Each structure stands twice: as C-alpha cells, then as structure tokens.
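Because the structure is predicted, anything quoted here is derived from the model rather than measured. Here is the naming used below: chain letters follow the sequence lines, and residue numbers restart at 1 for every chain.
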Protein chains: 2
Amino acid sequence: MNEKNADAGADRRTQLRDRLIDIAQETVATQGLAGLKARDLAAAAGCALGAIYTAFHDLDELILRVNARTLARLEAALDAAFVDAEAELALEAMARAYLSFARKDEPSWRALFEHRLPPGAPVPAWYADARNRLFSRLDAPLAQLLPGRDATARAALARTLFSAVHGVVALGLEEKIAETPPKLLDEQLSVLIRLLAAGLMMESARLI
Amino acid sequence: MNEKNADAGADRRTQLRDRLIDIAQETVATQGLAGLKARDLAAAAGCALGAIYTAFHDLDELILRVNARTLARLEAALDAAFVDAEAELALEAMARAYLSFARKDEPSWRALFEHRLPPGAPVPAWYADARNRLFSRLDAPLAQLLPGRDATARAALARTLFSAVHGVVALGLEEKIAETPPKLLDEQLSVLIRLLAAGLMMESARLI
DNA sequence: ATAGAAAAATGAACGACGTTCATAACGAAT
DNA sequence: ATTCGTTATGAACGTCGTTCATTTTTCTAT
C-alpha cells in the first residue's frame with residue numbers, strides 16, 4: 001500500500017464520517033436521540049448499513065461526535081452572550097444564553113445529557129476537553145467578582161455556578177419533573193443569578 | 001361474573017403488580033434503567049412474558065411506579081434530614097441529604113431523570129403529585145428566611161433552589177460531563193448553599 | 001491491457017428487545 | 001359432564017444495533 005492509496009482511503013472514510021455526522025446532527029436536532037436509527041441514517045447518507053461501521057466503531061461514537069458539535073455551538077452561544085461589563089450582568093447574560101440555547105435546540109441540548117456510554121467505556125479525551133471548555137467561560141466574570149481567589153478555586157466555582165444554572169434550566173424544561181411556564185422560568189433564572197451574585201459579593205467583602 | 005370472582009381477579013392482578021414493581025425496583029437499583037428487561041422480569045417473577053402486560057399497559061407504566069417509589073424514599077430522606085433550626089442549616093442539611101441519596105441510590109435516582117415517556121403521552125396525575133411534593137419540603141426554611149413573601153413566590157423559590165442543588169449534584173455525579181472528586185463535590189454544595197443563603201438574607205433585608 | 005491479489009463495501013442474517021395475539025388452561029354454572 | 005366467559009401463556013412479529021460471508025472495487029505486477 002503506497003501513500004496515495006492510504007490517503008485516498010482515509011479521505012473517503014473521512015468524507016463518509018462527515019456526511020454521517022451531518023445527517024445524524026440533523027436527525028438528533030429534529031427528532032432527538034431516540035430518532036437516530038442506523039438504517040435510516042444509512043438510507044439518508046446513501047450508503048450501506050454496514051458502511052456506518054467502517055466509519056465509526058458504533059453509534060455511540062457517532063453520537064459523541066454529534067454532541068461535540070452541540071457543545072461547540074453552545075460554547076459559541078455563550079461567547080456571543082458575554083458582555084464585558086459588570087460581572088453580574090455577564091453572568092446573567094450567559095445564564096440567559098444557556099436557557100435560550102436549550103430552548104432553541106432542545107433535542108440536541110437534551111442529547112448531551114441523555115446519552116450514556118456503555119458501562120466501563122472510558123470518555124474519550126477529545127470529548128472531555130470539549131465539555132471542560134464550557135465551564136471556563138465563567139472564569140472572567142468570577143475573576144472580577146473575586147479578585148482574591150486563585151485559578152483553582154475559581155474553576156471549582158465556575159463549575160458550581162454552571163451546574164446550578166443547568167439544574168434550573170434542566171428541571172424547568174423537563175415536563176415530567178416540573179413543567180415550568182416560560183415566563184416563570186425566565187424569572188427563576190434571574191432570581192438565581194441575583195442570589196448567587198449577592199452571595200459572591202458578600203464572599204468578596206469577607207475576603208478583603 | 002360475581003363479586004367474589006371480580007375481587008379474586010383484581011386481587012391476583014394487584015399481587016402480580018406489586019411483585020413486578022418489587023422486582024423492577026431491585027433491578028433498577030442494581031443495574032439501572034437499562035438493565036430492566038421484560039423477559040428477565042417475567043423470569044424473576046415466575047410469570048409468563050405476556051402476564052406483565054396484563055398488569056401494566058407497558059414497561060413505561062411500570063417504570064413510573066418504580067420511580068414513584070424512589071421519589072417517596074427521596075422524600076423520606078429529605079424529611080429525615082430536616083433540622084428545625086436556623087434556615088441556612090436546614091437548607092444545607094437537605095442539600096446534603098439529596099446528594100447523599102443520589103450517591104447511595106445512584107441508579108434509582110438517575111432513573112428519575114433518564115426515563116422519558118413516549119412523545120405525546122401525558123404525565124399521570126399521581127406521578128405529577130409525587131414530584132410536586134418534593135419541592136414543598138423547602139418551604140419551611142424559606143418562610144423563615146423570607147417572612148414577607150407569599151406562598152406562591154416561596155413555591156417558585158423552592159423550585160429554583162431545589163433545581164440548583166440538583167444541577168450541582170447531577171453534573172457532579174455525571175462522569176461524562178464533569179467527573180468531580182467526592183470531596184470537591186461536597187465542597188461545591190456547601191459553597192452553593194452559602195452563596196444562596198447569603199443572597200436570600202440580602203433579599204430579606206431589602207424587603208424590610 | 002490483463003490477471004491476480006488486496007482492500008473495501010455490501011446487505012442478509014443474527015440476537016436481543018418490547019409488544020401482541022391465537023391458543024390453551026381454568027373455574028363457575030348448569 | 002358440558003358449556004362458556006376469563007385469564008394466562010409463550011411463540012411470533014416488527015424493530016433495533018451489529019456482524020460477517022460474499023461481492024465488488026481498487027491497486028499491483030506483468
């Protein structure tokens with residue numbers, strides 16, 4: 001096997017991979033994770049059923065790729081919302097952006113948390129990286145609110161705040177747990193940010 | 001059909017229902033929702049495969065029954081943790097109890113949020129009642145912290161706080177999203193409660 | 001150009017799943 | 001003993017993800 005052959009093969013495989021991810025992304029966006037079926041996917045991609053398994057080890061791997069793209073879009077949404085003003089405003093803007101993203105792309109967003117790998121399967125490093133980048137978006141506002149804290153403490157705090165916002169959004173959009181009217185959910189998020197920001201300012205005062 | 005027959009039939013059916021729920025509960029507790037299989041369930045209950053569908057319309061209905069029991073145990077755990085002392089202490093105790101329950105009964109707890117009904121299927125009223133009771137546990141501490149608020153506002157706030165705690169616990173235990181070391185997760189929860197309680201006290205001051 | 005070897009694509013087949021339904025087993029009344 | 005309405009049964013169905021023997025394509029060497 002010479003170089004040209006290897007490249008051609010890798011190229012074809014890469015093209016198929018991308019096409020499958022594109023289609024799967026669209027399917028998950030419109031019908032949710034449960035709507036993703038190997039046979040439909042192959043039909044939509046115009047390839048054989050077995051071809052999917054030449055591009056990916058299994059559907060879980062494909063789903064992780066789709067989820068990585070969702071994470072990237074979520075990152076972009078948070079970045080777009082970031083306002084370089086007062087920290088509480090920035091935090092509120094990003095929380096609103098998170099809720100807005102979850103509402104607009106609910107099936108894709110939900111897929112991030114619905115999907116589970118088979119027991120014992122390790123999380124691929126490239127996926128762990130993608131989700132870790134999410135939390136770091138809160139670092140700048142937190143640094144402004146708590147100039148005294150070191151980076152490690154800030155990172156932990158970023159995770160805590162992100163998780164709290166996620167919880168309000170997740171349960172708020174979860175009709176089986178707590179169907180929350182949209183207006184009330186907006187209000188809940190505002191209240192949460194207000195309470196947390198007030199708490200952070202007291203922390204800050206306590207440190208000085 | 002006379003009364004005795006009808007009663008006997010209903011009785012047998014009820015017995016089978018309870019037995020199936022018992023076994024499903026045990027299966028979910030040890031192997032998670034994904035471990036619940038109709039054939040294994042029938043084998044463990046010593047009944048025919050089809051008998052399951054004489055007791056329940058489908059497995060979703062059975063899962064809702066299992067989840068309702070989990071909700072009841074969670075309620076009991078929160079009640080046991082409730083301390084009738086200072087509000088912040090009560091809130092922290094209940095948050096810890098939530099985390100502790102999720103850790104101890106992780107597969108069952110996870111099943112509460114993993115399970116989705118088929119699209120368009122309404123949430124049964126008895127299930128909605130069971131989950132609504134959860135939030136109300138926070139009402140007493142909140143009434144202490146914010147004596148000025150009416151019951152509706154308190155209920156909304158209870159949902160917000162519960163959701164925030166849930167978010168920290170859910171993402172903290174979710175290895176695919178953010179594997180958090182146990183000690184750090186304990187710490188995150190403490191910080192969250194501290195921040196929220198501080199925020200609530202400022203709200204309270206602002207109202208007076 | 002052509003034969004032969006190597007690689008890749010194919011889709012029928014497999015096993016597991018939830019659910020259904022024709023059939024069998026049962027019990028009560030005659 | 002016979003009938004008849006109920007209930008239980010598990011083989012069978014349709015769907016799913018995944019595999020792998022076979023076919024098709026692609027490349028190499030003559």
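- A salt bridge links A/E114 with B/R116: the closest approach of a Lys/Arg side-chain nitrogen to an acidic carboxylate oxygen falls below 4.0 angstrom.
- At a threshold of 4.5 Å between non-hydrogen side-chain atoms, the residues B/F162 and B/L157 do not count as touching.
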Do B/D22 and B/R69 pass the salt bridge (charged side-chain N to carboxylate O under 4.0 Å, His left out) test, and can you show the C-alpha distance, the side-chain angles, and the key distance before you say yes or no? CA-CA 10 Å; B/D22 286 343; B/R69 288 196 182 176; 2.7 Å; yes
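- Contacts classified as side-chain hydrogen bond (donor to acceptor under 3.5 Å, both in side chains) and involving residues 89-99 of chain B (residues at least two apart or in different chains) are given here: B/E92-B/R96, B/E92-B/S190, B/R96-B/S190, B/Y98-B/W109, B/Y98-B/H166.
- Closest non-hydrogen pair, A/F82 versus A/M94, comes out as CD1-SD, 3.9 Å.
- For the pair B/F56 CZ and C/dG18 P, the interatomic distance rounds to 15 Å; values are reported in whole Å.
- Among all heavy-atom pairs drawn from A/V123 and A/A128, the shortest one is CG1-N, 4.3 Å.
- With the end axes of the helix from C/dA1-D/dT30 to C/dT30-D/dA1 each set by five pairs, the angle from one to the other reads 30° at 10° resolution.
- Taking the charged nitrogens against the carboxylate oxygens, A/E75 and A/R131 have no contact shorter than 4.0 Å, which rules out a salt bridge.
- Going from atom CD1 of B/I63 over to atom C1' of C/dC17 covers 13 Å, rounded to whole Å.
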Can you give one letter per nucleotide of nucleotides 12-25 of chain D, going 5' to 3': B for a protein heavy atom under 4.0 Å from the base, S for sugar-phosphate only, - for none? B---BBBB------
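- Contact check on A/D18 versus A/R65 returns no salt bridge, with no Lys/Arg side-chain nitrogen under 4.0 Å from an Asp/Glu carboxylate oxygen.
- The nearest whole Å value for the distance from the CD atom in B/E61 to the P atom in C/dG18 is 16 Å.
- Counting to the nearest Å, the C1' atom of C/dT10 and the CD1 atom of A/I52 are 12 Å from each other.
- Protein atom CZ of B/R13 is 12 Å distant from nucleotide atom P of D/dT6, rounded to whole Å.
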